[in-house]
Structures are given as structure tokens and as C-alpha cells.
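Here is the structure we will look at.
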Amino acid sequence: MAEHTTVTVLGLGAMGQALASAFVKGGHPTTVWNRSPGKDADLVAAGATGATSVAEAVQASQVIVAVLLDHASVHDTLDPIADQLAGRQLINLTSTAPEQARELAHWAAGHGIDYLDGGIMAVPPMIGQPGSSILYSGSQTVFDANRSALELLGDAEYFGEDAGLASLYDFALLANMYAMFTGFMHAAAMVASAGQSVSAFSHRAAGWVTAMAQSIPEFGRIIESGDYTTDVQHLAFQKAAMDAIVKASRDAGVALDLVAPIKNLIDRQVADGHGALAFERTFEELR
């Protein structure tokens, strides 16, 4: 966005409020709208303009940022005023799956709307702070024209014209995160079964996971090479480890919802004759 480009934010949940606040603080005339009224008071007090209808909000700005509940809510909100969006730039920061983002890009093109999709890698308090990152894909024209304003929200990275790529990376990273967090919950339940402090264990777990995460780039290299040969800690070794972890979990009275699928993945590979190969071969089993 140029220095004084106007921007409209549609959706004032916690994330929408954080994004709108960053635009206001960055000096952009900002119009805000929310389906249910009453969420714009603090933003209006800070200098934003509240709109009473989505049509009014869209007419106020050249750049429209949607931060709505889901894919369906984007259509519910924008379909009735699609003709008014023609010639404008739409940046969709709603959490939408890759194919949904591609569908929205196709919809936007059919209505003469320049479309950019984004995946927010931050929680609302992080917006505008170090560590906040938003991934973008779709129209490079929209990204380039608005980059300085987008960087008010966090680091801005562009992944290409395929509108689904930003959300693909977003959800892939979140899948990694959720697996890590739930892995900790399982581990904490094991420790707690012996009356040990979960809080104390959490510091040990954070250090261990941080150390182990340093292996991930090497995993990526091995997977891309397609060479899973190894002479250390092959799948047969991992099977023995997972068998022991499952037994320890069962003995501790901890549900196997998390570790049983991992054991099944390893068992299946060993049964299929891949026991001498590296754990990274699990990537092929998941494809």
C-alpha cells in the first residue's frame, strides 16, 4: 500500500482487531466491519472508521482484508456485494484450506477482483511484533503493491501465484505444531502417573524437543534424496523403541491415541520388509 492507501478489515474477532489496529497504528485510513455490532469501539476510538454494512465497508477502500470465520463465511459475506468488489484488491486472511483458497481465487477472477490469500503464523497478541509471520500466495501484483503495509502485521513472505500454497504451508506447519503439543500432553500424562511434577517436566521436555528439532533439516535432505539406507537406528530399532513406549504408556494408564498410530506406521513398514531402512522412510508410508 502507498503511504495513505485506505484499507477495510472485514471481521473483528481477536485476529481481525489485531490486524486493524496494526493498520491504524501504521497510518493507514482504516474502515472496519463486523457482522455482529459492538466490536469496533476501541478501534474507532483509536482512529478507525466503523461501517454499518459490508457494502459501506467495501466502498470505503481499495484494499479489502477479510478475516472471517471460515470459507463459507467469506462467500456469505462477499457474494452479495461481489459486483462492488470489482476492480478492488481482496486479501483473504481467513483460515481456508488450499483448495478453498484456490476456489476463492477463481471466484474472485470471475468478478474482476485481484485476489491474494494468506496464512497467519501468529496469535493475535503477536501481530506487529517480532516473531509474527504471514505467508501469502496468489496475485503478486497485490502482494507487491501492499508489501509495506503487510509488513506492519509481521514478516511477509510470498509463495507464488498458486493461491493455495500459503494455506498449504500454514496448515502443514500447524500439523507439525499440533503433533508436537499433543506429544507433550501424552508425555506429561506418563510422568504425572508417577506423581511427578508436570511443570518441572515441561522444562525438560522443551529442551529435549528443541535439541531434537535440529534433526529436521537433515530429515528433509534424506527425504528429497530418496535414499533411506542407514546403519543406525533403522525402523526395526525404532519398532523396539515404540513397543517399549506403548508398554510404558499402557502400564501408566495413559491412552494410546497418540502413540498407537506411530507404532502402526512403524510396524507396517517393518512387516513389509523395510526394517533396515531409516525412520525417515515413514514419509513414503504417509504419502
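Note that the structure is a prediction, hence the values are computed from the model and not measured.
- Side-chain atoms of Val63 and Ser61, non-hydrogen and from C-beta on, never get closer than 4.5 Å to each other.
- The same ILVMFWY cluster, assembled from side-chain heavy atoms under 4.5 Å apart, contains both Phe143 and Val7.
- Residues satisfying the side chain to side chain contact (heavy atoms under 4.5 Å, CB included) test with Asn264, not counting sequence neighbours, are none.
- Side-chain N or O atoms of Arg88 include one that pairs as donor or acceptor with a backbone N or O of Gln84 at under 3.5 Å.
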Checklist entry - Which is it for Thr30 and Thr49 under the side-chain contact (heavy atoms from CB on, under 4.5 Å) test, yes or no, and what are the steps along the way? => result CA-CA 6 Å; Thr30 304; Thr49 299; over 6 Å; no
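- Checked against side-chain hydrogen bond (donor to acceptor under 3.5 Å, both in side chains), Ser36 has the following partners two or more places apart in sequence or in another chain: Asn34.
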Checklist entry - Which is it for Leu165 and Tyr136 under the side-chain contact (heavy atoms from CB on, under 4.5 Å) test, yes or no, and what are the steps along the way? => result CA-CA 8 Å; Leu165 284 179; Tyr136 298 93; over 6 Å; no
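- Met15 and Val24 are members of different hydrophobic clusters when ILVMFWY side chains are connected at heavy-atom separations under 4.5 Å.
- Residues Ala205 and Phe184 approach most closely at CB-CD1, 3.9 Å, considering heavy atoms.
- Distance alone, capped at 3.5 Å, places no donor-acceptor pair between the Gln140 side chain and the Tyr158 backbone.
- A single hydrophobic cluster is seen to contain both Val209 and Phe181, as judged by linkage of ILVMFWY side chains at heavy-atom distances under 4.5 Å, directly or through other members.
- Formation of a donor-acceptor pair under 3.5 Å by the Ser202 side chain with backbone atoms of Ser199 is found in this model.
- Residues in residues 216-225 take part in these side chain to side chain donor-acceptor pair (under 3.5 Å) pairs, two or more places apart or across chains: Glu218-Arg221.
- Of the possible polar contacts, none joining the Thr96 side chain to the His71 backbone as a donor-acceptor pair under 3.5 Å is found.
- Side-chain atoms of His186 and Ser249 include a donor-acceptor pair closer than 3.5 Å.
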Item to check | Worked check of salt bridge (charged side-chain N to carboxylate O under 4.0 Å, His left out) between Arg268 and Asp272 | outcome: CA-CA 6 Å; Arg268 189 163 70 235; Asp272 289 344; 5.4 Å; no
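- Side-chain N or O atoms of Thr230 include one that pairs as donor or acceptor with a backbone N or O of Val232 at under 3.5 Å.
- Taking Ile, Leu, Val, Met, Phe, Trp and Tyr as members and joining any whose side-chain heavy atoms lie under 4.5 Å apart, directly or through other members, the hydrophobic cluster of Leu286 also contains Leu265.
- Taking every heavy atom of both residues into account, Ala20 and Val32 meet most closely at CB-CG1, 3.8 Å.
- Here Trp107 is tied into one hydrophobic group with Leu10, Trp33, Val54, Val58, Ile64, Leu68, Val74, Leu78, Ile81, Leu85, Leu90, Leu104, Ile113, Tyr115, each link being a pair of ILVMFWY side chains closer than 4.5 Å.
- Judged by distance alone, the side chain of Glu280 and the main-chain N or O of Phe219 form no donor-acceptor pair under 3.5 Å.
- The two residues Ala122 and Ile127 have their closest heavy-atom pair at CB-CD1, 4.2 Å.
- Between the side chain of Ser132 and the backbone N or O of Leu153 there is at least one donor-acceptor pair closer than 3.5 Å.
- In this structure, the side-chain hydrogen bond (donor to acceptor under 3.5 Å, both in side chains) partners of Gln269, at least two apart in sequence or on a different chain, are Arg281, Thr282.
- Proximity of a side-chain donor or acceptor of Gln238 to a complementary backbone N or O of Gln233 within less than 3.5 Å is detected.
- Under the salt bridge (Lys or Arg N to Asp or Glu O under 4.0 Å) criterion, no residue pair touches residues 52-81, with sequence neighbours excluded.
- In terms of the ring-ring contact (aromatic ring centres under 6.0 Å, His included) criterion, residue partners of Phe159 (sequence neighbours excluded) are, by chain and number, Tyr169.
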Checklist entry - Under the salt bridge (charged side-chain N to carboxylate O under 4.0 Å, His left out) criterion, do Lys239 and Asp243 qualify, and how do the steps go? => result CA-CA 6 Å; Lys239 172 176 167 47; Asp243 287 346; 3.3 Å; yes
Next on the checklist: Checking Asn146 against Gln89 for the side-chain hydrogen bond (donor to acceptor under 3.5 Å, both in side chains) test, could you report, in this order, the C-alpha distance in whole Å, the side-chain angles of both residues, the deciding distance, and whether it holds?
Outcome noted: CA-CA 10 Å; Asn146 300 301; Gln89 297 178 334; 3.0 Å; yes
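- For Leu93 against Gly118, the heavy-atom pair with the smallest separation is CD2-CA, 3.5 Å.
- Grouped by direct or indirect side-chain proximity (heavy atoms under 4.5 Å, Ile/Leu/Val/Met/Phe/Trp/Tyr only), Val123 sits with Met126.
- With hydrogens and angles ignored, the 3.5 Å screen pairs no side-chain donor or acceptor of Thr229 with any backbone N or O of Asp227.
- When every heavy atom of Ala101 is checked against every heavy atom of Ser167, the shortest pair comes out as CB-OG, 4.1 Å.
- With hydrophobic clusters built from ILVMFWY side chains whose heavy atoms lie under 4.5 angstrom apart, Phe283 shares a cluster with Leu277.
- Gln214 is linked by a side chain to side chain contact (heavy atoms under 4.5 Å, CB included) to Thr210, counting only residues two or more places apart in sequence or in another chain.
- Of the possible polar contacts, one joining the His28 side chain to the Thr5 backbone as a donor-acceptor pair under 3.5 Å is found.
- Take Ala187 and apply the side chain to side chain contact (heavy atoms under 4.5 Å, CB included) test, not counting sequence neighbours, and it matches Phe201.
- Evaluated for a side chain to side chain contact (heavy atoms under 4.5 Å, CB included) with Val142, the options Asp117, Leu150, Leu116 yield exactly one hit, Leu116.
- Under the rule for a side-chain hydrogen bond (donor to acceptor under 3.5 Å, both in side chains), Ser137 has no partner lying at least two apart in sequence or in another chain.
- For the residue pair His75 and Gln100, no side-chain donor N or O sits within less than 3.5 Å of a side-chain acceptor on the partner.
- When the side chains of ILVMFWY residues are joined at heavy-atom separations under 4.5 Å, either directly or via intervening members, Met242 and Leu256 end up in a single hydrophobic cluster.
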Checklist entry - Is there a side-chain contact (heavy atoms from CB on, under 4.5 Å) between Val9 and Val67 once you walk through the steps? => result CA-CA 7 Å; Val9 176; Val67 202; 4.2 Å; yes
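- Residues Val198 and Ala192 come closest through the heavy atom pair CG2-CB, 3.9 Å.
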